[in-house]
Every structure is written in structure tokens, then in C-alpha cells.
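Basis for what follows: all heavy atoms, side chains included, without hydrogens, waters or symmetry-related copies.
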Amino acid sequence: MNRREFLFAAASATAALPALSFSGKLFATPTSAPRFLLVFLRGGYDCNNLLVPHSSDFYYESRPTLAIAKPDAGNPNSAIALDANWGLNPVLRDSIYPLWQRKQIAFVPFAGTDDLSRSHFETQDNIESGEPTAQRGNFRSGFLARLSSTLPSVPPIAFTNTLPLSFQGAGHDIPNISLKGDTKPHFDARQSAILTQMYQGTSLAAATADGLALPNTVSQDLRNEMIQASRGAPSAKGFAAETQRIATLMRDRYRLGFIDVGGWDTHVNQGSITGGLANNLRNLGEGLSAYADALGNEWNNTVVVVVSEFGRTFRENGDKGTDHGHGTVHWVLGGKVNGGRIAGEQVAVNQQSLLQNRDYPVLNNYRDTLGGLMGRVWGLHDSQLQTVFPQARPKDLRLV
């Protein structure tokens, strides 16, 4: 039995007991206490092909190969209309769209940080620290750690290989459990040749060739960047496979969790309703839907927030992908979430509204939005919120 199997076996064996942190402190948290899970998409996912601005002609001009078709009841590959302006990627039809119909998910576009570096690592650290960008001084203090210290009776856990920055500096032990999957290549040259021959002359021939050729079309430096941007986080496929175990631990023992999901740095051959991004979104959606189902009635006491360090460029690049951007779309899910709506400050999606003529602007700072949300979830007062997010201006979007 490896370390990961041992940890999960131990967790399962003690699921009926009060949660015990590494410091030995017993948590007597009521079953109905609020649960909060932060899902961090490392690599900067393309929010424009998740929440599709289908009323914008500029969107279709900017993405000749990547744009998702306007909502059309006769076209299952078109965007699913959420309102007059926004649609959902159809790969989420069976997972996230039912949550929308039940008003258990809201999207916050034009969201993010004021960090304009467009660096994966700098912006990820900036977000996890939760401190003002211009005055960030403690590089080993994360906002979830400060929240955990503010809420000593709320047992925390990170579903990560190592303790993430967001949970560092708490002053007490926070457990972490690795969910990292296999990242080794699955096909060598001989196997690739066999697969190509197998699908030759079929409708899957082109997709097979594209998939097998991708490693050879991307430079080594770019491949390294895509891997490094994930910082060892498991893929979305790995996330979908682990959500049942995450739900068991969050239902029975823990109330404040963090997980990161890698593989979102889509510079090349990004795709729209097929390809790498669509596969990641499908797996992420299925994982979140399975998480909701596995929690049962406790889904009503749960809030899940999905964030990423930044969005992507609004226009596609010459390699049929997108590059590092700025504003993104955050997700807020839960059984009692005030969902079925697009929340927060918005602006028309056109060339004039772009930041530096390339990105979504950030109109909903994550520190303000999360501060307002946490205030409602746990009833935190202003001084407590200032401890978690120094100098933030918590904005209550009435998401719960």
C-alpha cells in the first residue's frame, strides 16, 4: 500500500470519529456546518469558451476557428443559452447545465486580480496570498490559512501533493492528501504508428492524427511551460476520478478544502467543443456534478468556488490557441447558492471594452468577491474579513 492509499484507508477507517488534525485538536463541528471548497484551475483556463458571449459579433470575428456557435435548438454543438448575452459550452450540458436549471450555480465574469504580469506563477501566488498586489509582503501567508485561523472550529484540508501557499502560515497543522495522477506519455512512436493505421480511412482519422501530432508541433519550451503552469496539480480527468473520495472526507470530517486542477494552458490547438479545453471542461463538470451528488443532503450546506489565475486572450492566436490574458470567469456552486444568474459588474463584450486591446478587464476583484461570499457563509464581521483579505472591500453579490 502506497502513502496515498494508506492515507485514504486511514481516513475511511476513522470517518465516524471527530476529525483529528495533525496537532491533535479534536473538531466537534456539527454535521450541518458550512462546507467550502476552493477549486484552483492552474494554467489560466479560457473562460470565453466556457461562458460564451454569444450576443457579441466581436467574439465570432476574434475566434474564426475556436468560437462556439450561437444557441440553436437544432444544433447540439451550439452554445446553451443562459440568457440573452451568455451561453454555456455544450460539453457541460449533462453536468453543469442541470445545476444552472436548479439555480445552484452562478458565474461571475470579468473576475480576477489586479496583477497584470500575466505570469502563471506570480499571479497564482498573488491570488493564493490574498494580499494587495502592490503591498504584498509575506510570501508564506495564504488567505485560506488566515481564514482557518479565524475559524478555529472549522477543520481544513488540502487535496494536494504539498501544502499550497493558500494554506501556509496558519500557525497550526493543516493536513494535505495527494491526488496527483500519472503524467507520463502514454504512446511511444511505435504505438502512435499502430493507432494511426487503425483509424486510417475512418471518421476519426483526422482527430487521431491531430492528437498524436500535437507533441511534435509544440516546441519543447512551450511544453515545459504548460507542464510547469500546472505546478504538479492533477489533470481534470484525475479530478473527476477523485471527487467521490473528496466528497466523503468533506462530508464526514472537513469543512474547508482546497484542490488544484492542472492542464489549462492552451496555447496550441485549443479546440472549441472538441480538443483539450473541451475535454478538461467536460471532466471538470462531471467531477463537480459527482461531488454534488456524493454529498447528498449536505450539498445544501456546501459552497464550491472555481477560480483560475487569469483568463486567456480574447482573440485566438496563429496556432489555433489562446495566450495568457487577464480577466476570467469564476464559478460559485452549492445547494443553497443563489444561482441561475450571471453575477457581478459587467460590460459589453466588444473591442472597446478589452483591456490593452487583448483581454477581459477585471471588474470583480476576487478578494472583494470572496470576502463578501465568506462573510455570508460564516457570518464574518469586517475586522475578520480584513484579516483574511487585508485592505479588501468585500462586495456582497448575494451568492448565498
Q: Could you grab the distance from atom CH2 of Trp100 to atom CZ of Arg341, nearest 0.5 Å is fine?
A: 9.0 Å
Q. Between Trp299 and Gln104, does any side-chain donor sit less than 3.5 Å from a side-chain acceptor?
A. yes
(Q) For a quick check under 3.5 Å, do Asn85 and Asp83 share a side-chain donor-acceptor pair by atom type? (A) no
Q | Side-chain H-bond candidate by donor/acceptor type, Asn126 with Thr133, under 3.5 Å | A | yes
Q | Cation-pi geometry met for Arg42 and Phe40 (6.0 Å, 45°) | A | yes
**Q.** CG/Asn357: more than 12 non-hydrogen atoms of other groups inside 6.0 Å
**A.** yes
Q: Evaluate the side-chain hydrogen bond (donor to acceptor under 3.5 Å, both in side chains) criterion for residues Ser141 and Gln168: first the C-alpha distance (whole Å), next the side-chain angles of each, then the deciding distance (0.1 Å), finally the verdict.
A: CA-CA 5 Å; Ser141 175; Gln168 292 181 23; over 6 Å; no
Q) Roughly how far, to the nearest 0.5 Å, is CG of Leu284 from CG of Leu92? A) 7.5 Å
**Q.** Transitive ILVMFWY cluster of Leu355, excluding itself - 4.5 Å side-chain cut-off
**A.** Leu116
Q.
Does Thr322 form a side-chain hydrogen bond (donor to acceptor under 3.5 Å, both in side chains) with Gln270? I'd like the steps, not just the answer.
A. CA-CA 7 Å; Thr322 52; Gln270 173 180 298; 2.6 Å; yes
(Q) Tell me if the NZ atom of Lys395 is crowded by more than 12 foreign heavy atoms within 6.0 Å. (A) yes
Q: For Asp396, enumerate each residue passing the salt bridge (charged side-chain N to carboxylate O under 4.0 Å, His left out) test, keeping only those at least two apart in sequence or located in another chain.
A: Arg376
Q. Where is the tightest heavy-atom contact between Gly287 and Thr243, given as atom of each residue plus distance?
A. O-CG2, 3.2 Å
Q: Count the heavy atoms belonging to other residues, nucleotides or ligands that lie under 6.0 Å from NZ of Lys70, then report whether that count exceeds 12.
A: yes
(Q) So for atom CZ, which belongs to Arg393, do other residues, nucleotides or ligands contribute more than 12 heavy atoms lying within a distance under 6.0 Å? (A) no
Q. Would a line drawn from the ring center of Phe389 to the ring center of Phe143 be shorter than 6.0 Å?
A. yes
Q: Could you tell me whether Gln101 atom CD has more than 12 heavy atoms of other residues or ligands within 6.0 Å of it?
A: yes
Q: Check ring-ring contact (aromatic ring centres under 6.0 Å, His included) between Phe58 and all other residues, then give those that pass, not counting sequence neighbours.
A: Phe314
Q.
With side-chain hydrogen bond (donor to acceptor under 3.5 Å, both in side chains) as the criterion, how do Glu309 and Thr123 come out once you've worked through the C-alpha distance, each side chain's angles and the decisive distance to 0.1 Å?
A. CA-CA 6 Å; Glu309 64 262 35; Thr123 313; over 6 Å; no
Q | Least distance between heavy atoms, Arg251 atom then Arg255 atom | A | O-NH1, 3.6 Å
Q: Compute whether any side-chain donor of one residue and acceptor of the other, for Ser78 and Asp72, lie under 3.5 angstrom apart.
A: no
Q: With the side chain counted from C-beta on, respond yes when Pro90 and Ile68 share a heavy-atom pair under 4.5 Å apart, and no when they do not.
A: yes
Q) Looking at Asn49 and Leu281, what are the two nearest heavy atoms and their distance? A) O-CD1, 3.9 Å
Q: Inspect the surroundings of CZ in Arg93 and state if more than 12 heavy atoms from other residues, nucleotides or ligands are less than 6.0 Å away.
A: yes
**Q.** Heavy-atom closest contact (Ala79 atom, Gly87 atom, distance)
**A.** CB-CA, 4.3 Å
Q. Checking side-chain hydrogen bond (donor to acceptor under 3.5 Å, both in side chains) against His324, which of His120, Arg312, Arg118 comes through?
A. His120
Q. Where is the tightest heavy-atom contact between Phe36 and Leu370, given as atom of each residue plus distance?
A. CZ-CD2, 4.4 Å
Q) Is it the case that Asp115 and Thr113 place a side-chain donor and acceptor less than 3.5 Å from each other? A) no
(Q) Please give me the minimum heavy-atom distance between Asp125 and Leu165, naming the atom from each residue. (A) O-CD2, 3.5 Å
Q) With under 30° as parallel and over 60° as perpendicular, where do the rings of Trp86 and Phe110 fit, or are they tilted in between? A) perpendicular
